[in-house]
Number of protein chains: 2
Amino acid sequence: MSDYRNSKQRLRIIEILKSTEVHPTADWIYEKLKKDFPNLSLGTVYRNLNILVETGQVDRLEFGKTFDRFEAKIDKHYHFICESCGTVIDLDIDRQIDNKLEEAVKNNTKLKIKTHKVQFYGICEKCLKNK
Amino acid sequence: MSDYRNSKQRLRIIEILKSTEVHPTADWIYEKLKKDFPNLSLGTVYRNLNILVETGQVDRLEFGKTFDRFEAKIDKHYHFICESCGTVIDLDIDRQIDNKLEEAVKNNTKLKIKTHKVQFYGICEKCLKNK
DNA sequence: CTGGATGCAAAGGGTTTGCACGTTT
DNA sequence: AAACGTGCAAACCCTTTGCATCCAG
């Protein structure tokens, strides 16, 4: 890993992220940052966000890879995603815990909650063997 | 909503999805289906997948919209996504239930589980008022 | 001074869409 | 026959990347 310097743009990006609750997109940050750096380029925002995620200062909210995946198993279940090979595996759920999970949040907020999804991340059996 | 017919391509897509556990990408399905329909186009696969998702025959595995979102709040928490306006809201977690959730899965599989994420979906307060 | 960072623009990669033709009902 | 579905290719959209220049250490 290379050494990262403290560019003004990067520092401002962290500031912006720490001062908002809107979970911005890269473009939102770009628009906001443009006021400070009129010549700012979107590429700079993306490069810095990637660095900030890499160094653990920022979290990226995403599911799996950039492309969608599909399944015909319609009943409720969780998913496990292997961080090594990308495989997605269905997981049975413990209904009792699952219900408690949703109840705990429902009773604690004014949001109208319809459903929830859970993903587990780690290494699958196959990849465990191959390392 | 329009009436959907039973095109051969669409029927095969459901068949394929029901017969596999790999949670395929659109492209994976395209490659597989090409054996039956040599002139198949990727657009057809995408169109049909969207129809199947719309009619509830297939689930799409994704998180939020197509673009990533970022946050500087690094500590563990859940997210709520408003299905109406796309807003993402941080949710506190009940550590006890959260731990039980991870334990339940860990004890029930040979996968090496490192972490998990939970998202809740529904309608936010603002959108509830505006309807 | 040296290597990382930036701006700009082009390229990438997954997904959507307009159009003319083919198929289902 | 009418309306939906398909193939093809172009268009889209978000993100990445090559390159010359700029700037932090």
Side-chain angles (χ1 to χ4, degrees), chain A residues 1-17 22-71 81 86-88, chain B residues 1-17 22-55 57-71 81 86 88:
Chain A
M1 187 174 95
S2 46
D3 296 323
Y4 295 118
R5 297 176 185 169
N6 291 320
S7 82
K8 289 168 186 166
Q9 286 86 336
R10 181 140 69 236
L11 292 176
R12 278 292 289 137
I13 289 179
I14 310 186
E15 268 182 47
I16 288 179
L17 278 172
V22 303
H23 304 76
T25 61
D27 193 64
W28 188 94
I29 296 170
Y30 170 66
E31 290 300 336
K32 194 134 195 169
L33 212 56
K34 226 177 176 176
K35 290 164 190 160
D36 301 328
F37 307 93
N39 293 322
L40 180 69
S41 113
L42 233 194
T44 296
V45 174
Y46 277 107
R47 266 187 294 239
N48 278 315
L49 284 171
N50 284 336
I51 289 172
L52 292 172
V53 169
E54 185 197 323
T55 55
Q57 300 171 79
V58 165
D59 269 347
R60 183 194 309 271
L61 276 51
E62 58 166 8
F63 178 88
K65 300 295 189 294
T66 53
F67 35 78
D68 288 342
R69 285 156 170 275
F70 300 87
E71 68 178 350
I81 299 103
T87 294
V88 177
Chain B
M1 185 173 96
S2 45
D3 296 324
Y4 295 118
R5 298 174 183 171
N6 291 320
S7 82
K8 288 169 186 166
Q9 287 88 334
R10 181 141 69 234
L11 292 175
R12 279 291 290 136
I13 289 179
I14 309 187
E15 267 182 48
I16 288 179
L17 278 172
V22 304
H23 304 76
T25 61
D27 193 64
W28 187 95
I29 296 170
Y30 170 67
E31 290 301 334
K32 194 136 194 168
L33 212 56
K34 227 177 175 175
K35 290 162 191 160
D36 302 329
F37 307 92
N39 293 322
L40 181 68
S41 113
L42 234 195
T44 296
V45 174
Y46 277 107
R47 267 187 292 240
N48 278 315
L49 284 172
N50 284 336
I51 289 173
L52 292 172
V53 170
E54 185 196 324
T55 55
Q57 301 172 79
V58 165
D59 267 348
R60 184 196 306 272
L61 276 51
E62 58 166 8
F63 178 87
K65 300 293 189 296
T66 53
F67 35 79
D68 289 341
R69 285 157 168 274
F70 301 86
E71 68 179 349
I81 298 102
V88 178

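Just so we're on the same page: letters track the sequence lines, and every chain starts at 1. Just the heavy atoms: all of them, side chains too, but no hydrogens, waters or symmetry mates, feed the values below.
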Those residues that, when tested against Asp36(B), pass salt bridge (Lys or Arg N to Asp or Glu O under 4.0 Å) (two or more places apart)
Arg12(B)
Nearest-nucleotide comparison on DNA chain D, the residue closer to the 5′ end among Arg10(B) and Phe70(B):
Arg10(B)
Residue set satisfying side chain to side chain donor-acceptor pair (under 3.5 Å) with Glu71(B), at least two apart, ordered chain then number -> His23(A), His77(B), His79(B)
So Asp27(A), base contact, sugar-phosphate only, or nothing? Heavy-atom distance under 4.0 Å.
nothing
Residue pair Trp28(A) / Ile16(A), side-chain heavy-atom distance below 4.5 Å
yes
Set of residues satisfying side chain to side chain contact (heavy atoms under 4.5 Å, CB included) with respect to Arg47(B), sequence neighbours excluded:
Thr44(B)
Rounded to whole angstroms, how far apart are CD1 on Ile51(A) and C1' on dG3(C)?
13 Å
I want to check one thing: is the phosphate of dG7(D), taken as OP1 and OP2, less than 4.0 Å away from some side-chain N or O of Gln9(B)?
yes
How many Å lie between CG on Leu11(B) and C1' on dT6(D), as a whole number?
14 Å
Could you check how far OH of Tyr30(A) sits from P of dG7(C), rounded to whole Å?
9 Å
Summary of salt bridge (Lys or Arg N to Asp or Glu O under 4.0 Å) pairs that have at least one residue in residues 22-34 of chain B, sequence neighbours excluded
none
CD of Glu54(B) versus C1' of dC4(D): gap in Å, rounded?
13 Å
Nearest-Å distance, NZ (Lys34(A)) to C1' (dT6(C))?
15 Å
Could you tell me the separation between the CZ atom of Phe37(A) and the P atom of dC8(C), rounded to a whole number of Å?
14 Å
Its contact letters, B for base, S for sugar-phosphate only and - for none at protein heavy atoms under 4.0 Å, make nucleotides 16-25 of chain D read BBB----BBS
Who are the side chain to side chain contact (heavy atoms under 4.5 Å, CB included) partners of Arg5(A), not counting sequence neighbours?
none
With a 4.5 Å limit on heavy-atom distance, are the side chains of Gln9(A) and Val45(A) in contact?
no
Round to a whole Å and report the spacing from CG of Leu40(B) to P of dG5(D).
15 Å
Find which nucleotide of DNA chain C each of Pro38(A) and Ala26(B) is nearest to by heavy atoms, and output the residue with the more 5' nucleotide.
Pro38(A)
Separation of dA5(C) P from Arg12(A) CZ (nearest whole Å)
19 Å
